[in-house]
Peer 1: 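Sharing a structure below in structure tokens format, with a few things to ask.
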2 protein chains.
Amino acid sequence: MRISLVAGAPNGKACNDCAIRDFGVCAALDKTDLRELEHLSRHVRFASCETVFAQEEMTTSVYNLLEGVLRLYKLLPDGRRQIVGFVLPGDFLGMPISVRHSFSADAIGAVTVCRLSRTAFARYTENKPHLLRRINELAVRELSQARDHMVLLGRRSAAEKVATFLIGWRDRLVQLNGPSTTVALPMNRQDIADFLGLTIETVSRTFTKLERDHVIGVLPGSVYLLDPARAEAMAAA
Amino acid sequence: MRISLVAGAPNGKACNDCAIRDFGVCAALDKTDLRELEHLSRHVRFASCETVFAQEEMTTSVYNLLEGVLRLYKLLPDGRRQIVGFVLPGDFLGMPISVRHSFSADAIGAVTVCRLSRTAFARYTENKPHLLRRINELAVRELSQARDHMVLLGRRSAAEKVATFLIGWRDRLVQLNGPSTTVALPMNRQDIADFLGLTIETVSRTFTKLERDHVIGVLPGSVYLLDPARAEAMAAA
DNA sequence: GATGGTCCTTGATCTGCGTCAAACGGGAAA
DNA sequence: TTTCCCGTTTGACGCAGATCAAGGACCATC
């Protein structure tokens, strides 16, 4: 975990030209609001495996992810890890329940975030019901995803877990980058295992099995879906 | 699942005298706001095992639980069930992500809910930033609980799951009713199993084992903690 | 008091996934 | 080219928890 690089403040037209302008939290804001927001935000870059914030740390900031991928995870005292989510560009990270973070976030590959002071952002939202509703909407969507993931963790087999993960991840990438035959997997096998409540060996074996069954093809850093329908069926049932 | 009984509209002082006045969503509202809200809400009672709403149904209402306990669950096509939460008085049920419910809610024992039209409530909240912030706060708290539960489902042993459940449930009841030596368990063993991602047999065996180890005492419909420290240690580690 | 139903517990056995251990493969450094 | 490293795969084996099956315990109804 190396020292993070702080980029300069976004220039005058930064927020308006932001890559995630139209689908992040900021989608709820008009040009005037955005101009005000620009003064509160700073772009910050993190190298692979750097920690954006850690469990138990004070929550001083909120974040929008601009580029790259983050993993969010919780650790048990004995070191067992559960990844509670992966964060993609446009996702908002800024609804701390308490003064301390209840999970850690670190970079999978290089990332850029848009960071804002938590208190300044709270003040900013205070009388912007449209923004509050937007944040609400995002929170509720995340809650819904969290519940879906509970079903996966509590009630699905290893093969179903892996298939569900691949389909879900593909759908998120498609929404971001448009259709593609291959599904990039920037996270490693251990991350996938800790997300699905499995071991790395079981994930690896399951990938191999799906490959033998001609459902997927496995490449370094990605997979491609040979039989999307089969994969979707496994994810649904 | 029998027909639900619709109680009369709350009388003039209902909202102000409401049992959950001070800790539900409505805690964010003053007397004037409450008076307005009264016209939008109806108390509805459900008998044990009646369904308040079901997965895939249209979301027409939002709810505050007044009395009793609800279970929230998702079903897989083949019937596997994951309970995603238990609802206690004061809890708010009203943040649908889409036009259809993504989970079902039904009564564990007799319950009373305060029901409001979803659209009327949305209109009501529109220019009440304090209420929006309150709803946000509740959503974020639920999200945090959901993530904790992911850790439990993905990374804990059966004994840890049961201990964590008992401690968590006790804490919620204490917050509601004050300290007590016994922990009421209105839900049955199958519910506990489906909440913890276990089978009913494993839950039963784990209760028996905790009793043999003098951690808990098991009674019909409740348990008491003989060694709360041991139970808490199992829940933490 | 008998009957049936529901929920819970217990025992015997099975199995999916975890654990332990070794080998593979591709990229970086020497 | 060789060596090392690290992420990944594969194999052998073990076990926590699932499955299958049989018994309680309690309660309502007759």
Side-chain angles (χ1 to χ4, degrees), chain A residues 48-49 69 71 76 78-83 108-109 152-166 184-213 216-223 234 237, chain B residues 1 47-49 69 71 76 78-83 106 108-109 152-166 183-213 216-223 234 237:
Chain A
S48 192
C49 295
V69 185
R71 70 185 143 238
L76 291 176
D78 64 1
R80 281 175 288 178
R81 185 178 72 156
Q82 176 67 46
I83 291 186
I108 297 177
L152 177 144
L153 291 170
R155 288 292 178 231
R156 304 184 89 111
S157 69
E160 289 171 344
K161 284 178 175 181
V162 170
T164 306
F165 165 68
L166 290 176
L185 296 177
M187 69 292 286
N188 62 29
R189 294 287 186 272
Q190 187 64 61
D191 289 337
I192 298 175
D194 287 346
F195 184 55
L196 300 179
L198 297 171
T199 60
I200 184 174
E201 293 94 334
T202 299
V203 171
S204 182
R205 276 186 250 270
T206 306
F207 270 80
T208 305
K209 184 176 182 312
L210 289 175
E211 189 166 40
R212 263 202 316 272
D213 295 350
I216 64 173
V218 179
L219 298 171
S222 70
V223 299
M234 295 178 74
Chain B
M1 281 170 236
S48 192
C49 295
V69 185
R71 69 186 144 238
L76 291 175
D78 63 2
R80 281 175 288 178
R81 185 178 72 156
Q82 177 67 45
I83 291 186
D106 52 37
I108 296 176
L152 177 144
L153 291 170
R155 287 294 178 230
R156 306 187 87 115
S157 69
E160 288 171 345
K161 284 178 175 181
V162 169
T164 306
F165 165 68
L166 290 176
V183 182
L185 297 177
M187 70 292 285
N188 63 30
R189 294 287 186 271
Q190 186 64 60
D191 289 337
I192 297 174
D194 287 346
F195 184 55
L196 299 179
L198 298 171
T199 60
I200 185 173
E201 294 93 333
T202 299
V203 170
S204 182
R205 277 186 250 272
T206 306
F207 270 79
T208 305
K209 184 175 180 313
L210 290 175
E211 188 166 39
R212 264 203 313 273
D213 295 348
I216 65 173
V218 180
L219 298 171
S222 70
V223 300
M234 296 178 74

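To find a chain, count down the sequence lines: A is the first, B the second, and so on, and within it residues start at 1.
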Peer 1: Give the rounded distance in Å between these two atoms: CZ of A/Arg156 and P of D/dA18.
Peer 2: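 Result: 17 Å.
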Peer 1: Please confirm whether the shortest side-chain N or O distance from B/Thr199 to OP1 or OP2 of D/dG17 is below 4.0 Å.
Peer 2: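 Result: no.
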Peer 1: Nearest nucleotide by nearest heavy atom, which residue falls closer to the 5' end of DNA chain D, A/Gln190 or A/Arg155?
Peer 2: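 With A/Arg155 and A/Gln190 compared, the 5'-side residue is A/Gln190.
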Peer 1: Rounded to whole Å, please give me the gap between CZ in B/Phe207 and C1' in D/dG17.
Peer 2: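 My rounded result for the distance is 16 Å.
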Peer 1: Can you tell me the distance, in whole Å, between the CD atom of B/Glu211 and the C1' atom of C/dT9?
Peer 2: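 Answer to the nearest Å: 11 Å.
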Peer 1: I need the CD1-P distance between B/Ile200 and C/dT9, as an integer number of Å.
Peer 2: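 For the pair B/Ile200 CD1 and C/dT9 P, the rounded distance is 8 Å.
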Peer 1: Please find the pair of heavy atoms, one from A/Asp194 and one from B/Arg155, that lie closest to each other, and give the distance.
Peer 2: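 Heavy atoms of A/Asp194 and B/Arg155 come nearest at OD1-NH2, 2.8 Å.
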Peer 1: Is there a donor-acceptor pair under 3.5 Å between the side chain of A/Ser204 and the backbone N or O of A/Ile200?
Peer 2: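 No; judged by distance alone, with no hydrogens or angles, the pair does not exist.
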Peer 1: Might you point out which heavy atoms bring A/Cys49 and A/Arg71 nearest each other, and give the distance in Å?
Peer 2: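 So the two residues come closest at SG-NH2, 4.0 Å.
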Peer 1: On a plain distance test, is the side chain of A/Arg205 in donor-acceptor contact with the base of C/dT19 below 3.5 Å?
Peer 2: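 Such a pair is found, so the answer is yes.
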Peer 1: Any base atoms under 4.0 Å from A/Ser204, or only sugar-phosphate, or nothing? Heavy atoms, all strands.
Peer 2: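 Base, at least one base heavy atom under 4.0 Å.
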Peer 1: With a non-hydrogen cut-off below 4.0 angstrom, is B/Thr208 in contact with a base, only sugar-phosphate, or nothing?
Peer 2: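 The answer is sugar-phosphate, as B/Thr208 gets under 4.0 Å only of primed atoms, P, OP1 or OP2.
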Peer 1: Once you round it to whole Å, what is the distance between C1' of C/dT10 and CZ of B/Arg212?
Peer 2: 11 Å
Peer 1: Reckon B/Gly197 touches a base, only the sugar-phosphate, or nothing at all at heavy-atom distances under 4.0 Å?
Peer 2: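 Sugar-phosphate: the residue B/Gly197, judged by heavy atoms under 4.0 Å, touches backbone atoms but no base.
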Peer 1: If you compare all heavy atoms of A/Val218 against all heavy atoms of A/Glu211, which two are closest, and at what distance to 0.1 Å?
Peer 2: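 Heavy atoms of A/Val218 and A/Glu211 come nearest at N-OE2, 3.0 Å.
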Peer 1: Quickly work out the A/Leu196 CG to C/dG16 P distance and round it to whole Å.
Peer 2: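 Atom-to-atom, A/Leu196 to C/dG16, this comes out as 19 Å.
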Peer 1: Quick one: B/Leu198 CG to D/dT19 P, roughly how many Å, whole number?
Peer 2: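 Rounded to whole Å, this separation is 11 Å.
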Peer 1: Which atoms form the tightest heavy-atom contact between A/Ser48 and A/Ile108, and what is the distance?
Peer 2: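 That closest heavy-atom pairing would be OG-C, 4.3 Å.
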Peer 1: Is it the case that D/dC20 (base atoms only) and B/Glu201 (side chain only) share a donor and an acceptor within less than 3.5 Å, ignoring hydrogens and angles?
Peer 2: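 Counting by modelled atom types and ignoring angles, a donor-acceptor contact under 3.5 Å is found here.
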Peer 1: D/dC6 C1' sits how many Å from A/Asn188 CG, rounded?
Peer 2: 11 Å
